[in-house]
Amino acid sequence: MLNIGIIGTGGMANAHAAAFGAMRGVRLTACCDVVAERAAAFAEKHNIPRVYTDYDVMLDSEKLHGVTNVTPDAMHAKISLAVIARGLNILCEKPLATSLADAIAMRDAAQAAGVINMVNFSYRNSAGLQKAAEIVRKGTLGRIIHVESSYLQSWLNKACWGDWQTNPGLAWRLSTRHGSAGDLGDIGCHIYDMTCFLAGQDISEINCQLRTFDKGVPGNVLGEYVLDANDSFASIVSLSGGALGVVHSSRWATGQGNSLRVRVFGDQGGIEVDLDRDWNGYRICTGKDLKANAWKTVTCKPTPTNFERFIKSIKTGVNDVNDFANGAKIQAYLHYSFASDAAHAPVAVELPDAVSA
Ligand SMILES: NC(=O)c1ccc[n+]([C@@H]2O[C@H](COP(=O)([O-])OP(=O)(O)OC[C@H]3O[C@@H](n4cnc5c(N)ncnc54)[C@H](O)[C@@H]3O)[C@@H](O)[C@H]2O)c1
């Protein structure tokens with residue numbers, strides 16, 4: 001039986017608890033939140049026997065096999081490093097950190113400690129994405145030439161998730177002093193991850209523009225929130241295998257709730273993962289369909305979720321590919337996107353190699 005502890009018992013932690021709680025051979029033995037009543041209510045809801053308000057106390061008191069860090073982004077580094085320092089396996093929410101330096105420190109610490117380390121880029125739970133990535137890795141599309149990716153939401157335009165002007169859970173995402181790296185930090189990390197995972201290539205250069213649009217609020221200040229975080233970004237990227245790509249996202253995309261789509265085009269075929277269209281499938285145009293530009297839809301059996309992969313990694317000792325090194329790589333893309341926007345120029349992505357254990 002594997003004992004799992006949860007740190008941070010807010011909104012997203014419910015998905016973690018539901019997933020781990022439903023797995024055979026896994027039990028949730030402890031949870032922790034700085035808001036005691038929230039942690040207690042969470043423990044009762046998910047049947048978790050022990051509750052803490054201090055994660056250090058939890059880590060020292062419990063016999064845990066793995067810890068999931070579901071705290072706000074700004075706490076990811078400090079708490080994950082505390083977990084790793086105790087030799088415990090760690091699943092951390094995305095983005096891995098709030099700075100490239102922290103993300104690299106987390107990557108190196110996890111690797112030096114030899115613990116299982118994963119980041120919850122949750123769109124990797126899509127069977128369509130997993131199977132399409134296998135097809136690209138097999139070389140079915142030939143030489144990858146062009147990539148096009150978008151992550152589109154509309155909650156700034158229409159109150160599809162509630163009114164951001166009265167909902168602090170949305171309002172903080174518009175304010176850098178509340179820890180938000182804007183649209184780029186919140187959902188840009190997902191679309192960069194999905195793009196590189198599907199294309200099977202890293203990003204070597206980024207030319208990014210960020211925008212913060214007028215929201216019709218006098219002075220762009222809403223109570224304690226200064227509405228200065230970016231709302232949209234568009235990046236032209238060069239990939240390590242020579243392909244060119246466009247990656248973009250927005251919170252102003254009218255008519256789009258939470259829409260992710262990545263298309264990869266090679267000289268022998270194209271592939272598309274469109275999560276609005278199909279979570280468990282992809283579309284492909286290759287072989288004799290090329291001349292007619294005809295696309296086939298392929299439906300896949302569900303693949304293991306990040307939570308299942310984390311448990312499998314703990315059991316086998318073999319780390320999943322969605323590790324802290326990948327998290328640090330995506331953090332580098334966020335870092336160099338900001339740098340490119342500030343410089344009004346393309347910038348090369350530089351990521352120091354991991355220190356070997
Ligand atoms: N993978 C995904 O698709 C996805 C979706 C939503 C959120 N997230 C990520 O999950 C994380 C949490 O987001 P959320 O929406 O649940 O936020 P939230 O604010 O609802 O919950 C965070 C919780 O952490 C607690 N917390 C803060 N500091 C703490 C500390 N030092 N010790 C213990 N608890 C502490 C807070 O009190 C709060 O209850 C964020 O990093 C976010 O980016 C990921």
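Ligands are counted one by one from 1 in listed order, and the atoms in each one are counted from 1 as well.
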Nearest protein heavy atom to [atom], by residue and atom, and its distance?
atom                    : value
atom 25 (C) of ligand 1 : Asp33 OD2, 3.2 Å
atom 3 (O) of ligand 1  : Ser122 OG, 2.6 Å
atom 30 (C) of ligand 1 : Val34 CG1, 3.6 Å
atom 12 (C) of ligand 1 : Val70 O, 3.3 Å
atom 38 (C) of ligand 1 : Arg38 NH1, 3.2 Å
atom 40 (C) of ligand 1 : Asp73 OD1, 3.2 Å
atom 27 (C) of ligand 1 : Pro72 CD, 3.4 Å
atom 10 (O) of ligand 1 : Glu93 CG, 3.2 Å

Numbered in order shown, the ligand 1 atoms found under 4.0 Å of a heavy atom of Gly10 are 16 (O), 20 (O), 21 (O), 23 (C), 39 (O)

Per-atom filter on ligand 1: closer than 4.0 angstrom to a heavy atom of Met75 are 28 (N), 31 (N)

Report the part of [X] (side chain from C-beta onward, or backbone N, CA, C, O) that has a heavy atom under 4.0 Å from ligand 1; answer both or neither where that applies.
X      : result
Asp186 : neither
Met12  : both
Lys94  : both

* Does even one non-hydrogen atom of Lys78 get within less than 4.0 Å of ligand 1? -> no

Pairs of nitrogen or oxygen atoms closer than 3.5 Å, one from Tyr123 and one from ligand 1: do any exist? no

I'd like to check whether Gly11 has a polar contact with ligand 1, where a contact means an N/O of the residue lying under 3.5 Å from an N/O of the ligand. yes

Practice task
Using the side-chain contact (heavy atoms from CB on, under 4.5 Å) rule, take Trp252 and Ser154 through it: C-alpha gap first, then chi angles, then the decisive distance, then the call.
Solution key: CA-CA 5 Å; Trp252 287 96; Ser154 59; over 6 Å; no

Fill in: cation_pi(Arg211, Phe233) dist<6.0 Å, angle<=45
no

Checklist entry - Which class fits the ring pair His190 and Tyr123: parallel under 30°, tilted 30 to 60°, perpendicular over 60°? => result perpendicular

Within the structure provided, determine whether Ile271 and Leu141 are in side-chain contact (heavy-atom separation under 4.5 Å). yes

